[in-house]
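So you know, we letter chains A, B, ... as the sequences are listed, proteins then strands, and number each from 1.
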There are 2 protein chains.
Amino acid sequence: MVHIVARHRSGTQARGEDTRRRILETALEIFATEGYEGASTRQLAEHADVNLPAIQYYFGSKEGLFRAVLEDIIEHTERHMAPLAPRVKAALADPMTSRDTLLDLLCEMLQSFVALVLGGTQIESRRLLFARSEVEDTPGLEQLHESGRRHVFAPCLELIARLLGRPADDPETSLRTLAVIGQVTIFCHKGALEAGGAEKFTPDRARLIQNLVREHTIAIFRAVSSKAASLQ
Amino acid sequence: MVHIVARHRSGTQARGEDTRRRILETALEIFATEGYEGASTRQLAEHADVNLPAIQYYFGSKEGLFRAVLEDIIEHTERHMAPLAPRVKAALADPMTSRDTLLDLLCEMLQSFVALVLGGTQIESRRLLFARSEVEDTPGLEQLHESGRRHVFAPCLELIARLLGRPADDPETSLRTLAVIGQVTIFCHKGALEAGGAEKFTPDRARLIQNLVREHTIAIFRAVSSKAASLQ
DNA sequence: GACATAGTCTATCGAGCGATATAAATGCAC
DNA sequence: GTGCATTTATATCGCTCGATAGACTATGTC
């Protein structure tokens, strides 16, 4: 029952801890490329260079392993988005915050989101798993989804609601928010790589995307604000 | 070997043809919700109300059935996008075409794309299968991808290249194109439904999305054109 | 009415899956 | 060194998968 109790390190336990992490890290890659159902426990064990029952031993089950992988990602997401959260919260709390400040915060949110999906360690795997979470229906993916909604979608929605002068639960507000975020999420898909002409997203490429999404977003909300913003 | 020879209709043959179509249509739904690997031949047969070997009989194999489903979708995509293609081609061929015309055509392309993924018959299934094609790695999906690239991405890319005054193979051009298209593709994901607050995309909702994507796109390219459009 | 063809049925194959029972190996405390 | 918990290894279970074999029925032809 190692996968439940807390770990204390020394000789054998330390080795066990290493094994656990090795399984966890290779599992991220394999789940990302093969999907949950597509990845077999035998494949997972082989790539982590452990024997088959090790997965049950450390994580209880294949599902337990998958959930552990997701928890790692969620934790990373939250840590990545954390610095911006209080600033957004403060800006929203103050009714006097200027439009420029709100718009600037929105752009920062989006740029941070680009950095999240295109940068950092294990980029490719996280990117693929994000994309999968939109499609598959696997135990635990709901949590990943929920995390994305809380740390990315919700703050953007609130900022955009203020920029539009509309309630956050207005359809137009949420649909515009989705459209704006869609500018970023499309880069999670492998089709975007091919169409972009490159094999991988280099840091240069990521920075270019950040700048251009910023430019688009500013253009959108400058235009929308200059009119009554009521269509249909 | 019915799945190869051409069909001629009369008594038994006509019944066979009906069975074939019934399998094809229910298979679209099941592949969309369960994925290629997730859908079992037993499930497919049961939902189509045929026995298990019927799939092998009519389509050779599970893979053959899947490819047949994709071909149906691709054909639908091409037929949907066909009316716009010659107008785009003509506009691009003429070096004197005005910016406003180019921008208007781009918006029409995007609106038509919205209608494709959110409207028509078997909407939900096609939408889900589009989303899956971005992630899964299944026989034949490459063709679907290729079709989307040729009928949606490529024309938009050419129009945007002209609007930016940049070559079509410039990274900025393709990345901007992806960002703009991303405004639409995000609505293929089920997460977009929940975040949008609705259970399904009603025609009203689809029209609202069309209008708002149009507005965003116009704002983006009016702003970009008004400056030298050279960043990073 | 005999025959060939088209279509459908039941039953079953071999392969791969996740999971486990069981036991050997490893390092710790005493 | 002996007892004990932790970690790794072998062998195998029960199940579902895609696919097929082969018998049976319905239809159109002559």
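In this structure, A/Lys62 satisfies the cation-pi test against A/Tyr36, with its NZ or CZ atom closer than 6.0 Å to the six-membered ring centre and inside 45 degrees of the ring normal.
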Working for salt bridge (charged side-chain N to carboxylate O under 4.0 Å, His left out), residues A/Arg21 and A/Asp72: CA-CA 11 Å; A/Arg21 278 232 71 86; A/Asp72 247 30; 3.1 Å; yes
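In this structure, A/Tyr36 places its OH atom 14 Å from P of C/dC17, rounding to the nearest Å. The NZ-C1' distance, from A/Lys62 to C/dC17, rounds to 8 Å in whole Å. Separating the CZ atom of A/Phe66 from the C1' atom of C/dC17 is a distance of 17 Å, rounded to the nearest angstrom. We find that CD of B/Glu46 is positioned 11 Å from P of D/dC17, with the value rounded to whole Å. Summarising the geometry, the separation between CZ on A/Arg22 and C1' on D/dT7 is reported as 12 Å, rounded to the nearest angstrom. Residue B/Ile55 contributes atom CD1, which lies 9 Å from atom P of D/dA19 at whole-angstrom precision. A straight line from CD of A/Glu63 to P of C/dT20 spans 12 Å, rounded to a whole angstrom. A/Gln43 places its CD atom 8 Å from the P atom of C/dC17, with the value rounded to the nearest Å.
Closest to the side chain of B/Pro53, from the set D/dA9, D/dA21, C/dA19, is D/dA21. With distances taken from any side-chain atom of A/Tyr57 to the nucleotides D/dG18, C/dA19, D/dT8, the minimum falls on D/dT8. Set against D/dA19, C/dA19, D/dT7, the side chain of A/Tyr58 has D/dT7 as its closest nucleotide. Minimum atom distance to the side chain of A/Asn51 is reached by D/dT8, of the listed D/dT8, C/dA19, D/dC17. Comparing atom distances between the A/Ser61 side chain and each of D/dA21, C/dG18, C/dA19 picks out C/dA19 as nearest.
Contact check, A/Thr19 against D/dT8: a side-chain N or O comes under 4.0 Å of OP1 or OP2. Side-chain N/O atoms of B/Gln56 include none lying less than 4.0 angstrom from OP1 or OP2 on D/dT20.
Using a 4.5 Å cut-off on side-chain heavy atoms (C-beta onward), A/Arg214 and A/Leu110 make no contact. Side chains of A/Val135 and B/Leu128 form no contact here, defined as non-hydrogen atoms less than 4.5 Å apart.
Of the residues A/Thr41, A/Leu28, A/Leu70, A/Leu24, the one that meets the side-chain contact (heavy atoms from CB on, under 4.5 Å) test with A/Leu65 is A/Leu24.
Remark: the A/Arg42 side chain and the C/dG18 base include a donor-acceptor N/O pair separated by less than 3.5 Å.
Residue contacts shown for A/Leu52 include a base, since a base heavy atom lies under 4.0 Å away. At the heavy-atom level, A/Ala45 lies nowhere under 4.0 Å from the strands shown.
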